[in-house]
Protein chains: 2
Amino acid sequence: MISDTEKTQSEAATDKIRTLILSGTYRPGQPLRQEALSGHLSISRTPLRHALQSLAEEGLVEAVGFKGARVAQPDPQMVRDLFDMRLLLEPLALKSALEHHTKLDFAKAEMALDAADAERDLYKLSQLNWEFHHALYHPSGRRTLMRTIEHLNRASAFAETIAKSIVVRSEKSAAEHRELLQACRNADADDAIDRLTEHLRLAYRDIQNTEY
Amino acid sequence: MISDTEKTQSEAATDKIRTLILSGTYRPGQPLRQEALSGHLSISRTPLRHALQSLAEEGLVEAVGFKGARVAQPDPQMVRDLFDMRLLLEPLALKSALEHHTKLDFAKAEMALDAADAERDLYKLSQLNWEFHHALYHPSGRRTLMRTIEHLNRASAFAETIAKSIVVRSEKSAAEHRELLQACRNADADDAIDRLTEHLRLAYRDIQNTEY
DNA sequence: ATTTTTATTATTGGATACAATTATGATTTC
DNA sequence: GAAATCATAATTGTATCCAATAATAAAAAT
């Protein structure tokens, strides 16, 4: 559960529902009835609908006309697109960030890795995974690029959680992350980008194999 | 004005407001008061808020907490990010589409170009511009990729409209488009991708020079 | 006179009630 | 008995009203 320090109830609901989806409580394809959900979250339908719209934009929910909303179903084509895009965009972000990295950034990244080593919950693991990547990309200062990358990461985290490929990858991923972080600390741009690319390629391969 | 065949009023309002922004009626930075706008569109605030949220996700509107929404202000950094991403993603879409192109796709693309030659309205011009690119990318069948590319094109169309670089580019752009289309018809992948890349580079250069 | 505090107003977010749409099941028709 | 039609119920979208927040103006204190 996330802190109650949320601003609006729409945002709070967005976070809660996202957690419910990413944690697997709401399975892909499951209908999300407005009245039931709003009652479950103890809010009215108005902020709930805002939350559903936000999640639809994120790609976690599919909403159609007057028909209602359902939990999205990641398919192989979508996963392929997500990783192809990540493979193109994330190296750019990393490259742009490399010359602006501070010790604090590396420390944040390392904290996420340490926390991930001790974490067993799938959803929290995917969150820490993004925290790590975010720490390495964010110093680029390229907000629009970062926003797109964050969207892609959320969506692929969703697919990975559903496919449970995170479990399979956890140790391998940890090692790849550490090597990537070391390359960044060495300010070795070529090496860092190579390791990032390889990391994404391997993640893609594993999700392909675990997908049903 | 767009047809009244819209499904929900939220969607209709989204399209109308988008047009008002892209046509320059609502200038960047301008506050978008809910009551005033809803009155102007003869709808209640409820669907209006949905429309504003959609436009915020698109990047045309910036909405903050309880403070309200404003027309977004495209800055040079954002434009740079947009074109950097387009330069990476659109060649991929084109490459994936090349082997699936039909005569109908080429016809659609050509129709957009012909219409653009006779069009003088900035907003409609940017729409036709996207129609052309869409016709060439869509046969890839890669929906998730297309969705991201569409977002990026909307946002950069916004920036181009604001900067009025479309006017400067119209003839040059038309020529580049025709050459790109011809390369696709020839099924010359390398040539097509080269021309697309060059087209995007030139568009980026021109918007940089016209930006205030 | 300037700053701080308080009260008032304007604006946004949320809850409830109503209308429009779609899904479901009964009824009719062939 | 199957298909089509109609009525009913379930569900979503919209309007209106109320509450919470932020902006503004007035008053008080130093």
Side-chain angles (χ1 to χ4, degrees), chain A residues 1-21 25-73, chain B residues 1-21 25-73:
Chain A
M1 211 60 77
I2 293 183
S3 71
D4 260 347
T5 326
E6 297 291 342
K7 298 272 177 186
T8 70
Q9 297 194 260
S10 303
E11 296 171 34
T14 304
D15 288 341
K16 284 177 185 169
I17 300 172
R18 187 192 295 118
T19 302
L20 289 170
I21 293 178
T25 307
Y26 294 154
R27 308 293 305 178
Q30 175 171 344
L32 300 171
R33 305 282 176 223
Q34 294 178 5
E35 192 147 11
L37 254 183
S38 63
H40 191 271
L41 298 177
S42 303
I43 59 177
S44 96
R45 277 176 50 214
T46 309
L48 177 79
R49 293 177 89 254
H50 281 251
L52 288 179
Q53 189 179 348
S54 297
L55 293 170
E57 299 281 349
E58 280 185 28
L60 273 76
V61 163
E62 281 173 3
V64 191
F66 278 82
K67 196 191 159 197
R70 322 174 81 81
V71 178
Q73 271 178 304
Chain B
M1 211 58 75
I2 295 182
S3 70
D4 260 349
T5 324
E6 297 290 344
K7 298 273 178 187
T8 70
Q9 297 195 261
S10 302
E11 294 170 35
T14 303
D15 288 342
K16 284 179 185 170
I17 300 172
R18 186 192 296 119
T19 303
L20 289 171
I21 293 177
T25 307
Y26 293 153
R27 310 292 305 178
Q30 177 172 341
L32 299 171
R33 305 283 174 219
Q34 295 178 4
E35 192 148 8
L37 254 182
S38 62
H40 191 271
L41 298 177
S42 303
I43 58 176
S44 95
R45 278 178 47 213
T46 309
L48 176 79
R49 290 175 85 246
H50 283 249
L52 288 179
Q53 187 181 347
S54 296
L55 293 170
E57 301 280 350
E58 279 186 28
L60 271 76
V61 162
E62 281 173 2
V64 191
F66 278 81
K67 196 191 158 195
R70 322 175 81 81
V71 179
Q73 270 179 304

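Throughout, protein chains are lettered first and strands after them, A, B, ... in sequence-line order, and every chain is numbered starting at 1.
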Task: Nearest atoms (heavy-atom pairs only) where B:Arg27 meets B:Val71 - done: O-CB, 3.3 Å
Open item on the list: Treating A:Gln53 as the side-chain partner and B:Gln53 as the backbone partner, does any N or O pair qualify as donor plus acceptor under 3.5 Å?
Closed with: no
TODO: Can you sort out the partners of B:Glu35 under side-chain contact (heavy atoms from CB on, under 4.5 Å), two or more places apart, ordered by chain and number?
DONE: none
TODO: Test A:Tyr26 against every option in A:Leu60, A:Val61, A:Leu20 by the side-chain contact (heavy atoms from CB on, under 4.5 Å) rule and name the one that passes.
DONE: A:Leu20
Task: Reported CD1-to-CG distance for the pair A:Ile17 and A:Leu32, which is rounded to 0.5 angstrom - done: 7.0 Å
Task: Distance, nearest 0.5 Å, that separates CG of A:Leu37 from NE2 of A:His40 - done: 8.0 Å
Open item on the list: Using 0.5 Å steps for rounding, measure from the CD atom of A:Glu58 to the OG1 atom of A:Thr14.
Closed with: 7.5 Å
TODO: Go through DNA chain D in 5' to 3' direction and return only the first and the last nucleotide with some atom under 4.0 Å of chain A's heavy atoms.
DONE: D:dT11 to D:dT14
Contact list (N/O, under 3.5 angstrom) for nucleotides 13-21 of chain C vs protein:
unit_1: C:dG13; atom_1: OP1; unit_2: B:Gly65; atom_2: O; d: 2.6
unit_1: C:dG13; atom_1: OP2; unit_2: B:Gln34; atom_2: NE2; d: 3.0
unit_1: C:dG13; atom_1: OP2; unit_2: B:Arg49; atom_2: NE; d: 3.4
unit_1: C:dG13; atom_1: OP2; unit_2: B:Arg49; atom_2: NH2; d: 3.1
unit_1: C:dG13; atom_1: O5'; unit_2: B:Arg49; atom_2: NH2; d: 3.2
unit_1: C:dG13; atom_1: N7; unit_2: B:Arg45; atom_2: NH2; d: 2.9
unit_1: C:dG14; atom_1: OP1; unit_2: A:Gln9; atom_2: N; d: 2.6
unit_1: C:dG14; atom_1: OP1; unit_2: A:Ser10; atom_2: N; d: 3.4
unit_1: C:dG14; atom_1: OP2; unit_2: A:Ser10; atom_2: OG; d: 2.8
unit_1: C:dG14; atom_1: O3'; unit_2: A:Gln9; atom_2: OE1; d: 3.3
unit_1: C:dA15; atom_1: OP2; unit_2: A:Ser44; atom_2: N; d: 2.8
unit_1: C:dA15; atom_1: OP2; unit_2: A:Ser44; atom_2: OG; d: 3.0
unit_1: C:dA15; atom_1: N7; unit_2: A:Thr46; atom_2: OG1; d: 2.9
unit_1: C:dT16; atom_1: O4; unit_2: A:Thr46; atom_2: OG1; d: 3.4

